Protein chains: 2
Amino acid sequence: MSIEDPLQQPHLPLVVSSTGGANQVRVRAYNERLILSLVRLYGSLSKADIARLSGLSAQTASVIMRSLEKEGMILRGDPVRGRVGQPSVPMQLNPDAVYSFGVKIGRRSADLVLMDFVGNIRLHLHETFPYPLPDRIMAFITGGMAKLEAELGPGQQGRIAGVGIAAPFELWNWAGEVGAPKGAMDVWRDFDLQSEVAAKIPYPVFLQNDATSACGAELVFGKGSAYQDFVYFFVGSFIGGGIVLNSAIYSGRTGTAGAVGPLPVLGKNGEPRQLLEIASIVVLERMLRDLDIDPQPLWYSADQWIDFGEPLSAWIDASAKALAQAIVAAASIIDFGAAIIDGGFPGWVRERLVRATIVEAKRLDLQGVVMPDIIEGAVGSQARAIGGASLPIFARYLTDQNVLFKDLS
Amino acid sequence: MSIEDPLQQPHLPLVVSSTGGANQVRVRAYNERLILSLVRLYGSLSKADIARLSGLSAQTASVIMRSLEKEGMILRGDPVRGRVGQPSVPMQLNPDAVYSFGVKIGRRSADLVLMDFVGNIRLHLHETFPYPLPDRIMAFITGGMAKLEAELGPGQQGRIAGVGIAAPFELWNWAGEVGAPKGAMDVWRDFDLQSEVAAKIPYPVFLQNDATSACGAELVFGKGSAYQDFVYFFVGSFIGGGIVLNSAIYSGRTGTAGAVGPLPVLGKNGEPRQLLEIASIVVLERMLRDLDIDPQPLWYSADQWIDFGEPLSAWIDASAKALAQAIVAAASIIDFGAAIIDGGFPGWVRERLVRATIVEAKRLDLQGVVMPDIIEGAVGSQARAIGGASLPIFARYLTDQNVLFKDLS
DNA sequence: CAATAAATAAATCCAATTGAATTATTAATC
DNA sequence: GATTAATAATTCAATTGGATTTATTTATTG
């Protein structure tokens, strides 16, 4: 139905014109979101906890909490006894309060997930194909959603917040890489996926870069909550990433902030390369093919990778060198607290890659650089679909300082 | 008196705890700041304009504008006739509403400026020295402020918002570079300039990196208002910079966001170097010295540079190459709308440097990079002191979304 | 005089705060 | 074991303060 676009920020001639004044209605909306976000972050909080954490008065916290309970957004837990004073009643998010669809469009496969309010994947569809084409994808999304809605049961459909689609940038540039006939994917150029989906379904539709979406998933459900700002790398067919500043995804004016793929790094022989030419899974695929090893297991599912031995080690090595340089460059621009690395590969590959990256980073010139913690992502290969699904929930229920200033109509 | 520190953000275990709830009092404070910021940005606005731009109701805009006028923050202009309806009354900032001191501490000299509310420098002191030492700097700041206050006249001192000091990071690491005896500048290690100044004067004292300050000046008084986000380079003795996101300085968790000096780039022979090893004025100084040319004119004043011919061209060339790489790296991480270059040099050097940087950037691999406009700064070598002076004004009168959430006490 | 726009006044609304009261519990004392 | 004090969570009622709404006034053009 409606189109919500985190990518599309109108190009305003003057800046402040986008931020309006604040008023009571927005204050209430903001405080409600703040409270929901706090409950999400801490898992379970009493009204008094909320008052302390938010700085709101006990009465205000109490009023808002009661109204959220009445709306079914939060659930009352068992009173906690054992401490002086009246026992506190912990409140948690109601997992069934809101559902959201997430779509991940990939090179060889697409995923559709139905996520609940606390981030559990309730239902899941997966489809593989030689290469993605609009008709097929449209059918998968609309058909899949209808199917999952039916499984969900009739009473629950009003609780669906929307659909978030995680897709790579410029799908049409991949024809060669995915073995599609030249020009076969040019249809994507003029295909507005977001509008097309919005025309077919009654919910808000969001579209965001796949790696940025994964970054969002890490922020809410992974290690991200421990850091105010971090740079995120998602090693997929092509590497991509995201930026988190002040605990919020920063996708930038054009939506390409944190794209990281084109970041200049030095290759094996000291020649300048782009990060994506080294630390992408397609590079590993090419290495395997050159050695006459079947690269198919790369694409079945992240859990089905086998240890490819030498070529995998070489790829991890080269990727770690490149990632280390990318992290130093990023840290020289913004003093990120962490660099989080995840990807469409199994945990043991991620672990080796991160370990190697930490080693390589120490060999670089770090004079004057505030180095971030280099750590593994916690969400894994489903991060993109989960991140997509979190978009509608964020847009409607979680903190976003814009709530106070922008008219959400 | 009080210490206000944009650098110092406490290391919080959990993120949201720093952002509290919103309430009416803060809404009013925010709306007042928003209105002052709009008036500053547009130069002159009627009450009706404010209502339209801010989205506030006409009545609210009117009430706040009248109270600001009563407080002397804004001045009523001549009614504009010639259009249907009651003539509108444009309102402007009152230049004399607020004054602010700015201090720039440099390698060979220090500046103290008294700035008015619209950014004019009203009074100015300059001092040179072989190298900066705490006692001398303290005397310059406190003595200079007393002198300028006296010149300002007795009635005006209540209008002083504070002092902002722009100083380089880690002053003590310079001893060698400034020709000071080894260890002579180690006193700076344990000298807390901000506290010391705060102890001597009755105003709030702010301290910020010198290049970040310059970036702030460019944001408010220069080309910055045309861009929501930009990366800024200030070529001083050592190059530094700043980051602007959503029209606000982003100084990061540790205050070192936008430091840019340690950014890895390739040197003349393809060897990895840090940006500051190439694009700093000390490098030019060394080149001149090696050729037995007197580098003194570099340090008198930016307007007194002479054309050093070949070595200057070589330095500009090398610096442009390095800056171009830095800009591509920055743009790969965040899709900045502009890269603004300024420095402690005359306009004609800046112009040559920017021109060369644009040329060099085009030779790099820009596949997939959203390139920013590469433009000259408009503020010039005084940017650091002006940026310093703008800190107290920003902190108290201009928009900063934190107004709504944080208790400014 | 009609239309238009800016500006203001009065009344209303709404959410947060303040202050007092209520409730449920533990800890200390007899 | 019973009683009392202290503490903490929660809620009720009254107040506050700023934004909005509605209506009115003022100044101008055509």
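All values derive from a computational prediction rather than experimental measurement. Protein chains get the first letters and strands the later ones, always in sequence-line order, with residue 1 at the start of each.
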(request) Would you kindly give the CG-to-P distance between A:L34 and C:dA15, to the nearest whole Å? (result) 16 Å
(request) For B:Q59 and for B:R52, locate the closest nucleotide of DNA chain C by heavy-atom distance; then report the residue assigned to the nucleotide nearer the 5' terminus. (result) B:R52
(message) Any side-chain N or O of B:N31 below 4.0 angstrom from OP1/OP2 of D:dG18?
(response) no
(request) Please lay out, stage by stage, how B:Q208 and B:S213 fare under the test side chain to side chain donor-acceptor pair (under 3.5 Å). (result) CA-CA 6 Å; B:Q208 190 175 251; B:S213 298; 3.2 Å; yes
(message) Counting distance alone, no hydrogens or angles: does the base of C:dC13 have a donor or acceptor under 3.5 Å from a partner atom on the side chain of A:Q24?
(response) no
(request) Please confirm whether A:F336 and A:Y227 have ring centers closer than 6.0 angstrom. (result) no
(request) Please determine, for the side chain of B:Q86, which listed nucleotide (D:dT11, C:dA9, C:dA5) has the closest atom? (result) C:dA5
(message) Please pick, from C:dT8, D:dT11, C:dA16, the nucleotide with the shortest atom-to-atom distance to any side-chain atom of A:R66.
(response) D:dT11
(request) Starting from the C-alpha separation in whole Å, work towards a yes-or-no answer on side-chain contact (heavy atoms from CB on, under 4.5 Å) for B:S100 and B:R159. (result) CA-CA 8 Å; B:S100 176; B:R159 296 170 171 273; over 6 Å; no
(request) Grab the CG-P distance between B:L45 and C:dA6 for me, whole Å please. (result) 12 Å
(request) Compare the minimum distances between each of C:dA15, C:dT17, C:dA9 and the side chain of A:R28, then state the nucleotide with the smallest one. (result) C:dA15
(message) Suppose we screen for side-chain hydrogen bond (donor to acceptor under 3.5 Å, both in side chains). Which residues come up paired with A:E69, at least two apart in sequence or across chains?
(response) A:R76
(request) Taking only the side-chain heavy atoms of B:A48 (C-beta and beyond), determine which of C:dT8, C:dA7, D:dG17 contains the nearest atom. (result) C:dA7
(message) Taking the minimum atom-to-atom distance to the side chain of A:V27, which one of C:dA16, D:dT20, D:dA27 wins?
(response) C:dA16
(request) Please state how far atom CG in B:D49 lies from atom P in C:dA6, giving the value in whole angstrom units. (result) 7 Å
(message) Could you tell me how far apart A:R83 (CZ) and C:dA24 (C1') are, to the nearest whole angstrom?
(response) 13 Å
(request) Mind checking A:V89 for me? I need base, sugar-phosphate or nothing, with any heavy atom below 4.0 Å counting as a touch. (result) sugar-phosphate
(message) Does a side-chain N or O of B:S62 approach OP1 or OP2 of C:dA7 to a distance below 4.0 Å, or not?
(response) no
(message) Working note: A:D116 + A:R122, criterion salt bridge (charged side-chain N to carboxylate O under 4.0 Å, His left out); need CA distance, chi angles, decisive distance, verdict.
(response) CA-CA 7 Å; A:D116 68 19; A:R122 293 293 190 86; 2.8 Å; yes
(message) Nearest heavy atom decides the nucleotide; on that basis, is A:P79 or B:S88 closer to the 5' end of DNA chain C?
(response) B:S88
(message) Is the phosphate of D:dT11 approached by A:K47 (side-chain N or O, under 4.0 Å from OP1 or OP2)?
(response) yes
(message) In whole Å, I'd like the distance from the CE atom of B:M91 to the P atom of C:dA6.
(response) 15 Å
(message) Can you measure A:I35 atom CD1 to C:dA15 atom C1' for me and round it to whole angstrom units?
(response) 12 Å
(message) Nearest whole Å is fine: how far is C:dA6 C1' from B:E69 CD?
(response) 15 Å
(request) Specify the separation, in whole Å, of atom CD of B:E32 and atom C1' of D:dA19. (result) 13 Å
